[in-house]
Amino acid sequence: MTDYSTSMRTDRCGDLRIDDVGRQVTLCGWVDRRREHGEHLAFVDLRDRSGVIQVVVDGAHDLRSEYVLQVTGDVRERPDESANDNLATGAVEVEATEVVVLATAEPPPFPLDERTEVDEVLRLRHRYVDLRRPRMQRNLEVRARVTAAIRGAMEEQGFVEVETPMLVASTPEGARDFVVPSRKEPGSFYALPQSPQIFKQLTMMGGVDRYYQIARCLRDEDLRADRQFEFMQLDVEASFVTGEDVRTFVAHAVGAAAEAVTGDHPGEIRSMSWREAMDRFGSDKPDVRFGLELVDATEIFADTGFRAFQTPCVKGIRVPDGADISRNRLDELTGECKRWGAKGLVWMRLTEDGLNSPVAKFLSDDEQAGLVAKFEARVGDLLLLVADEWSTACHVCGLLRLELGRPPITEGGRHFVWVTDFPLFEGFDEAGNPIPAHHPFTMPHEEDLGMLGGDDQLAIRSLAYDLVLNGWELGSGSVRIHRREVQEQVLAALGISPDEARARFGFLLDAFRYGSPPHAGFAVGLDRLTAVLAGEENIREVIAFPKTQSGADPLTGAPTPIDDRHLAELGLGVLPPPG
RNA sequence: GGUCCUGUGGUGCAGUUUGGAGUGCACGCCGGCCUGUCAAGCCGGAGGUCGCGGGUUCAAAUCCCGUCAGGACCGCCA
């Protein structure tokens, strides 16, 4: 047990129990709530990080909300019938003999109770007040426990934590860089790291063998519920390993983190190929907590006369007992599907009299019967169908599935999934060159090496893998290419000439020449992991001082202009706003 | 860059559809009463540029246009 006593206090408020009865204690904390009963009796709930204790004081004290107090008094059992079972400390109370007001306080800008959902900007502007709330205290603790457990697990597995620089060279790949002007070399810039990717691979060449880092990463892209400019990663790389070895290391670490927070070890993590994830869940980050899995109906319409279904793929989902979903709602869903990229949405209600749908008349009896059989549909069910290219049909059905069935993050348990065998390329650029799905150093599947440069390059599988938790992409990794001829083959397939390659990744390619061990790695987004484990839908709730969606910090006012002298020293000028 | 939603005393909301006096609810705040409360209770009180600007109208929280801030999402995030 940690000893929390200091020169100013003997105990923490929330720690007092029936065993402490008879002790004289000194406590420090904030006035959470007070209940006055006239001149001679008042109850003050005193709050610190550990919780709340009822203090009995003389009513003459002027103790307002959020005053900071030091209270000395005797712990005693509460009188008959007045124990509070809703409070961990509810069996006892402290009868104050001395109350020192350490600081007075204005009324807080918003209520600190758990019942009110306060405007987030207001919370962020007064984050120091917001952080006093039990929810935030808990989230900060969850976060600290996650990182501590992960550090422990990585150390246990023999990994060495190596720090990498924050001021790095800008590279054209990937996300937009945050950039720092160089004073010594005006006109030149450092970039803040999007990830330690290149450095961690260099540690492999440096013989580190098992590298990890709890690393801050920065990307200047638009913010979302699961994305901030700055975020933390567990960054991992190891030599003389397969992808499976890496997944075992990472599973250990996230398992330890989950156990540290919830008390339960999540157990073995299931694996699923990317193809299967797309086919069954319409997403590369499948949320397997609920059903509504995608059904492939392409075969049924192989020779259909219904023009809308004369597509490479027809996919759908069966909504059990969904037939009572209103026409209005169905129109809404159709609109969403169009926004997501589909040409439309076909809905069918299965009634006693068969399929009820605006398009039923275009479908043959065989097709209708085939649908009912394939979806195992029952009277009262609703079928939703999207016909398109395979990827679009999967994508749209996947979003539809989430829209209709996704439970709150606190429900349905925690389900980690490895998604493996990602495609090496995810499409083609304007010049007709394939675009790497992960990065250009990702090792292709050995069996698919022969397809490089061929006609069906999108079918090439890579040794890249993602870790998914309840539909959140927690992280990704891959086996890296360490053989020169393979790297040359891939760069050639990407349409990158040797000269261009040297210009863009020269120092890494150089490093490959001096003896590169086979290596593979991974990175886990710690903010996301923490959010899911804390039961929060938004990573801002597990970050002490986050930014708003527009990238501003309501507390400090960042970003702010800087003065002209400062700019001049850096050799910078600011353009007038456009328009 | 785009789509959608939100903005009303300190806080959370209702009012906006169908224009008619800043109308209402809960919490908080200030004062009074109250010796066992714990979301204490009772009585009284203060507190408003309906985000901002413009327009329509006899009249705008309400309708229209613009703008700012926030949120969810698409694009983007190798």
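Computed from heavy atoms alone, side chains included, the values below leave out hydrogens, waters and symmetry copies. Each chain gets a letter, A, B and so on, in the order its sequence line appears, and its residues count up from 1.
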Using a heavy-atom cut-off of 4.0 Å across all strands, would you classify [X] as base, sugar-phosphate, or nothing?
{"X": "A/Gln194", "result": "nothing"}
{"X": "A/Glu336", "result": "nothing"}
{"X": "A/Ser550", "result": "sugar-phosphate"}
{"X": "A/Arg540", "result": "sugar-phosphate"}
{"X": "A/Ser82", "result": "base"}
{"X": "A/Arg76", "result": "base"}
{"X": "A/Asn86", "result": "nothing"}
{"X": "A/Ala437", "result": "sugar-phosphate"}
{"X": "A/Arg176", "result": "nothing"}
{"X": "A/Leu122", "result": "sugar-phosphate"}
{"X": "A/Ser65", "result": "sugar-phosphate"}
{"X": "A/Pro109", "result": "sugar-phosphate"}
{"X": "A/Glu36", "result": "base"}

The side chain of [X] lies closest to which of these nucleotides: [options]?
{"X": "A/Arg34", "options": "B/A40, B/G71, B/C29", "result": "B/C29"}
{"X": "A/Gln54", "options": "B/C29, B/G71, B/U37", "result": "B/U37"}
{"X": "A/Phe43", "options": "B/U11, B/G36, B/A72", "result": "B/G36"}
{"X": "A/Phe110", "options": "B/U35, B/C30, B/U11", "result": "B/U11"}
{"X": "A/Val56", "options": "B/C77, B/G36, B/C38", "result": "B/G36"}

Counting only side-chain nitrogens and oxygens, does [X] get under 4.0 Å of the OP1 or OP2 atom of [N]?
{"X": "A/Asn538", "N": "B/A72", "answer": "yes"}
{"X": "A/Thr116", "N": "B/U11", "answer": "no"}
{"X": "A/Arg33", "N": "B/A40", "answer": "yes"}
{"X": "A/Arg35", "N": "B/U37", "answer": "no"}

Quiz item: With respect to A/Arg127, which candidate in A/Leu555, A/Asp553, A/Thr556 satisfies the side-chain contact (heavy atoms from CB on, under 4.5 Å) definition?
Solution: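 Looking at A/Leu555, A/Asp553, A/Thr556, the match for A/Arg127 under the side-chain contact (heavy atoms from CB on, under 4.5 Å) is A/Leu555.
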My understanding is that a pair needs two contacts under 3.5 Å, Watson-Crick or G-U wobble. By that rule, which nucleotide pairs with [N]?
{"N": "B/C34", "answer": "none"}
{"N": "B/C4", "answer": "B/G71"}
{"N": "B/G66", "answer": "B/C52"}
{"N": "B/A26", "answer": "B/U11"}

Work out how far the [atom1] atom of [N] is from that of [M], and round it to whole angstrom.
{"N": "B/G19", "M": "B/A59", "atom1": "C1'", "result": "8 Å"}
{"N": "B/G20", "M": "B/C50", "atom1": "P", "result": "16 Å"}
{"N": "B/A61", "M": "B/U17", "atom1": "C1'", "result": "14 Å"}
{"N": "B/A60", "M": "B/C4", "atom1": "C1'", "result": "25 Å"}
{"N": "B/G9", "M": "B/G54", "atom1": "C1'", "result": "26 Å"}
{"N": "B/U67", "M": "B/C77", "atom1": "P", "result": "28 Å"}
{"N": "B/U8", "M": "B/U62", "atom1": "P", "result": "13 Å"}
{"N": "B/G48", "M": "B/U11", "atom1": "C1'", "result": "14 Å"}

Checking [Y] against [X]: is there a side-chain donor and acceptor pair closer than 3.5 Å?
{"X": "A/Asp499", "Y": "A/Ser497", "value": "no"}
{"X": "A/Arg480", "Y": "A/Ser478", "value": "yes"}
{"X": "A/Thr203", "Y": "A/Glu237", "value": "no"}

How long is the line joining [atom1] of [X] and [atom2] of [N], in whole Å?
{"X": "A/Asp284", "N": "B/C77", "atom1": "CG", "atom2": "P", "result": "14 Å"}
{"X": "A/His40", "N": "B/U37", "atom1": "NE2", "atom2": "C1'", "result": "17 Å"}
{"X": "A/Glu114", "N": "B/U11", "atom1": "CD", "atom2": "P", "result": "19 Å"}
{"X": "A/Asp130", "N": "B/U11", "atom1": "CG", "atom2": "C1'", "result": "13 Å"}
{"X": "A/Asp119", "N": "B/G10", "atom1": "CG", "atom2": "C1'", "result": "13 Å"}
{"X": "A/Arg123", "N": "B/G71", "atom1": "CZ", "atom2": "P", "result": "12 Å"}
{"X": "A/Glu106", "N": "B/G47", "atom1": "CD", "atom2": "P", "result": "19 Å"}
{"X": "A/Asp113", "N": "B/A26", "atom1": "CG", "atom2": "P", "result": "17 Å"}

Quiz item: Roughly how far apart are A/Arg34 CZ and A/Tyr67 OH, rounded to 0.5 Å?
Solution: 8.5 Å
Self-check item: Centroid-centroid under 6.0 Å between A/Phe43 and A/His37 rings
Solution: yes
Quiz item: Between the base of B/C29 and the side chain of A/Arg64, is there a donor-acceptor distance below 3.5 Å?
Solution: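 Flag unset: no donor-acceptor pair detected.
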Quiz item: Per the atom types in the model, does the base of B/U37 pair as donor or acceptor with the side chain of A/Arg78 at under 3.5 Å?
Solution: yes
Evaluate the ring planes of [X] and [Y], with Trp represented by its six-membered ring, and classify them as parallel (under 30°), tilted (30 to 60°) or perpendicular (over 60°).
{"X": "A/His126", "Y": "A/Tyr128", "value": "perpendicular"}
{"X": "A/Tyr465", "Y": "A/Phe522", "value": "parallel"}
{"X": "A/Phe178", "Y": "A/Phe229", "value": "perpendicular"}

Self-check item: SB check A/Asp388 A/Lys343 (cutoff 4.0 Å)
Solution: yes
Quiz item: Taking only residues two or more places apart in sequence or in another chain, which ones pass side chain to side chain donor-acceptor pair (under 3.5 Å) with A/Arg219?
Solution: none
Self-check item: Nearest atoms (heavy-atom pairs only) where A/Leu424 meets A/Pro444
Solution: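 Heavy atoms only, the tightest pair is CD2-CG, 3.8 Å.
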Quiz item: Can you check whether A/His37 stacks with the B/G36 base, using ring centres under 5.5 Å and planes within 30°?
Solution: no
Exercise. Using the closest heavy atom to pick a nucleotide of RNA chain B for each, name whichever of A/Val118 or A/Leu399 lands nearer the 5' end.
Key: A/Val118
Practice problem: Assign each of A/Leu41 and A/Ile435 to its nearest nucleotide of RNA chain B by heavy atoms, then name whichever residue's nucleotide is nearer the 5' end. | Solution: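 Looking at the nearest nucleotide for each, A/Leu41 comes out on the 5' side.
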Quiz item: Considering only heavy atoms, which members of residues 212-230 of chain A lie under 4.0 Å from some atom of RNA chain B?
Solution: A/Arg219, A/Glu221, A/Asp222, A/Arg224, A/Ala225, A/Arg227
